[in-house]
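Remarks on the structure that follows.
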Amino acid sequence: MKPTILTALLAIIYLSAFPQADLQINISTRRIARDVFILASDSLEGRKFPSAGRAKAAAYIAGQFLEAGLQPIEKNHEPYFQKIPVNHTRIGLTYIHLDGKLKRSGFDFSFASSMPYNNSLTLPIRFIGDEKLNMKIGGGDTIFHIVDKNIEQAMLRIEQLSKTTQAEYFAISITKSKKSTKSLIVQEYLSGQYRYPESLFKIKQHTKGLYSYPAYSEQNLKVFLFTDEITQSLYGQSLKQLQVNAKRSVKSAQQRNLTVSDLTFSSDFWVKDTVLHDDNVIGYIPGTDLSDEVVIVCGHYDHLGKSSQGIYYGADDNASGSAGVMELARMCSQARANGFDFRRTLVFIAFGAEESGLNGSYYYVSNPVFPLKQTVMVLNMDMIGRSDNKPGEPGTAYSMAIGSRSRTMKKSIRQLNRQMDNIHFDYSVNFPNSITWYFGSDHYPFVRKKVPALVFNTGLHDDYHKVTDKPEKINYESLTNILKGMFVLLVDLANEPEKYPLK
Ligand SMILES: [Zn+2]
């Protein structure tokens, strides 16, 4: 289906503030829309890794990079591809039996073991909570149940406890956050399906609920993680009551009075890894006198694939951002061809496997093509295709720009807003409202490596992660305006060493 708004728009941006000759650049709404419609078409099947549709999307983007005249990163038959080894991990299941019912692993509880484990057992489970035990309790066949703020803390305690008690079995409860623990377990279960090198943080990040692979331990520990509901039905007491009782027992040195119940479980736990490959698509424009410094422009191209509900087109998430990467690449290439100099090198990246845990970008920061220390800024686009304006309706395009707290960035964005018509960037570090955006997309692995970064997006909507995220719902004029603004910012980032110095 061809929407009617796709009449070619020729917008010219004048950057007379810059020392070089006035710069005239074509930005094409028609081209941007074409890219979104192609990436979000039936034949690309929702661009999920691993699928033929995903590979087609990567090939299409590489083709556009070639046409735009970007330099490739490899000298082989796939010169724009950074190959990512992917461990496809499938895990077996552990069942626990409570109130005569089977509880579901990954939903009600989770089970982790560093080794495959097959057994069926009933063991006493002893609640310790967050108390520090003064006397030694013999481990043997007892499950020690501890409480902690997060998985990392809990695992450190378990490491110590396993030494002093010789115990192999542990259970963890995490003190409740505002979000329901249950839904986080589901999230974590889903995000843990693909494991990439270095992506363990992602697994840990969401582990209010599930601890998948005990990374710290060489020992063969078996670790459960419970929702509060499971804890309640195990002991017939709430986590809060249990904590109070545990405190009392420890204070009065009556540690043998710690609450004990029985846990019956059976396990058919195994982990199977198959190594597959995914791709980041990368091309660049070499800078002039500061060519060893780089600015990265990026967005992920993968999405959720298809299910019985249909194809997840992911037009906004993130065909819009991928189209943004391609169009900005074309604009910069055009400028370069017209004799405009970019002092710093501009690197354009369409990241793979974002939806399964920022895996493409985590891989990149561990295997950077351009040194991270020389990376001045990352501009990430994730879902920039929707705005309050209806498609075809004129108005001010609105986009959030969320990133590391930076005076310079704040100033630059403010200046940009004054300079540009029809676009407003909201520079926001308005935590916690924007926190999911801060952690939730491909700029974040860079932030963790102390590379300044911004993510641009036009916010969540009802079609988010649904089969209804379709290309005809994108506001192409707003998207065009956002890219105009980003282009101006990009020129500034590429050419102003005093404003954006390497630390
Ligand atoms: Zn996305």
Side-chain angles (χ1 to χ4, degrees), residues 11-27 65-66 68-73 80 282-299 324-350 364-365 368-381 401 403-404 406-420 425 427 443 446-447 449-456 482-503:
I12 301 168
I13 298 166
Y14 296 93
L15 293 165
S16 44
F18 290 90
Q20 306 188 67
D22 280 3
L23 179 59
Q24 301 196 356
I25 292 298
N26 297 333
I27 179 167
F65 281 6
L66 178 69
L70 295 194
Q71 297 292 311
I73 54 162
Y80 292 102
I282 307 177
Y284 68 99
I285 298 172
T288 53
D289 60 318
L290 298 174
S291 64
D292 57 340
E293 297 182 15
V294 305
V295 179
I296 293 179
V297 178
C298 62
V325 174
M326 289 184 270
E327 188 64 14
L328 285 169
R330 290 178 197 117
M331 290 162 79
C332 294
S333 255
Q334 202 178 65
R336 186 77 197 83
N338 292 344
F340 184 84
D341 283 338
F342 293 101
R343 301 181 67 191
R344 287 172 168 136
T345 296
L346 302 177
V347 180
F348 299 89
I349 310 179
Y364 181 91
V365 299
V369 179
F370 302 87
L372 295 182
K373 279 210 167 77
Q374 303 289 102
T375 305
V376 175
M377 175 65 77
V378 173
L379 300 182
N380 180 30
M381 290 166 271
S404 358
S406 148
R407 272 232 175 117
T408 321
M409 253 358 269
K410 200 173 182 176
K411 252 187 174 169
S412 298
I413 297 279
R414 212 185 283 148
Q415 193 187 2
L416 189 61
N417 285 334
R418 279 199 298 267
Q419 209 174 329
M420 304 293 299
F425 291 108
Y427 179 70
H443 58 289
F446 291 93
V447 172
K449 297 274 186 183
K450 306 219 170 355
V451 178
L454 282 178
V455 57
F456 292 83
I482 290 167
L483 294 177
K484 275 188 213 170
M486 285 186 67
F487 178 76
V488 175
L489 180 64
L490 189 51
V491 170
D492 201 37
L493 282 161
N495 288 359
E496 300 292 326
E498 306 78 25
K499 255 165 107 178
Y500 314 100
L502 280 165
K503 320 117 280 228

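Start at 1 with the first residue, then count along the sequence.
You'll find the side chain of V325 reaches within 4.5 Å of the side chain of F65, heavy atoms only. L416 is listed as a side-chain neighbour of V488, based on a closest heavy-atom distance under 4.5 Å. Residues I296 and M377 have side chains not in contact (no heavy-atom distance under 4.5 Å, counting atoms from C-beta outward). Between V295 and F348, every side-chain heavy-atom pair lies at or beyond the 4.5 Å cut-off. Within the 4.5 Å cutoff, no side-chain heavy atoms of V376 are placed close to those of V294. Side-chain contact between L489 and L379: present, with at least one pair of heavy atoms (C-beta onward) separated by less than 4.5 Å. Put simply, the side chain of Q334 reaches to within 4.5 Å of the side chain of N26, judged on heavy atoms. Using a 4.5 Å heavy-atom threshold, the side chains of L490 and M486 count as separate.
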Please assess V297 against L346 for the test side chain to side chain contact (heavy atoms under 4.5 Å, CB included), listing each intermediate value before the final yes or no. CA-CA 7 Å; V297 178; L346 302 177; 5.8 Å; no
Show, in sequence, the C-alpha distance, side-chain angles and deciding distance for V347 and I73, and conclude whether the side chain to side chain contact (heavy atoms under 4.5 Å, CB included) test is met. CA-CA 10 Å; V347 180; I73 54 162; over 6 Å; no
Could you walk me through whether V369 and Y364 pass the side chain to side chain contact (heavy atoms under 4.5 Å, CB included) test, one step at a time? CA-CA 7 Å; V369 179; Y364 181 91; 3.7 Å; yes
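In this structure, Y427 has its ring center no closer than 6.0 Å to that of F425.
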Just distance, no hydrogens or angles: give the donor-acceptor pairs under 3.5 Å from side chains in residues 326-333, sequence neighbours left out.
residue, atom, partner, partner atom, Å
E327, OE1, R31, NE, 3.0
E327, OE1, R330, NH1, 2.6
E327, OE2, S28, N, 3.1
E327, OE2, R31, NE, 3.4
E327, OE2, R31, NH2, 2.6
R330, NH1, D35, OD2, 3.2
R330, NH2, D35, OD1, 3.4
R330, NH2, D35, OD2, 2.8
R330, NH2, Q64, OE1, 2.9
S333, OG, A68, O, 2.5

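With sequence neighbours excluded, the residues that form a side-chain hydrogen bond (donor to acceptor under 3.5 Å, both in side chains) with S412 are Y500. Annotation: side-chain hydrogen bond (donor to acceptor under 3.5 Å, both in side chains) contacts of N338 (sequence neighbours excluded): none.
Between the T345 side chain and the G287 main chain, a donor and an acceptor come within less than 3.5 Å of each other. Side-chain atoms of N495 come within 3.5 Å of backbone atoms of R343 as a donor-acceptor pair (strictly under, hydrogens ignored).
The CD atom of E498 lies 6.0 Å from the CD atom of E496; values are rounded to the nearest 0.5 Å. A distance of 4.0 Å separates CG of L502 from CD of E293, quoted to the nearest 0.5 Å. Distance OG1/T375 to CZ/F370: 9.0 Å, rounded to 0.5 Å. Separating the CG atom in L483 from the CZ atom in F456 is a distance of 10.0 Å, to the nearest 0.5 Å. The line from CD of Q71 to CG of L66 is 10.5 Å long, rounded to the nearest 0.5 Å. In this structure, CD in Q419 is found 13.0 Å from NZ in K484, a value given to the nearest 0.5 Å.
For the pair V365 and L372, the tightest heavy-atom approach, listed with the atom from each and the gap, is O-CD1, 3.5 Å.
Taking a cutoff of 4.0 Å between a charged side-chain nitrogen and a carboxylate oxygen, D292 and R344 do not qualify as a salt bridge.
The aromatic rings of F487 and F342 stand perpendicular to each other, their planes meeting at an angle above 60°, with 30° marking the opposite boundary.
With a 6.0 Å radius and a threshold of 12 heavy atoms from other residues, nucleotides or ligands, K499 has its NZ atom above the threshold.
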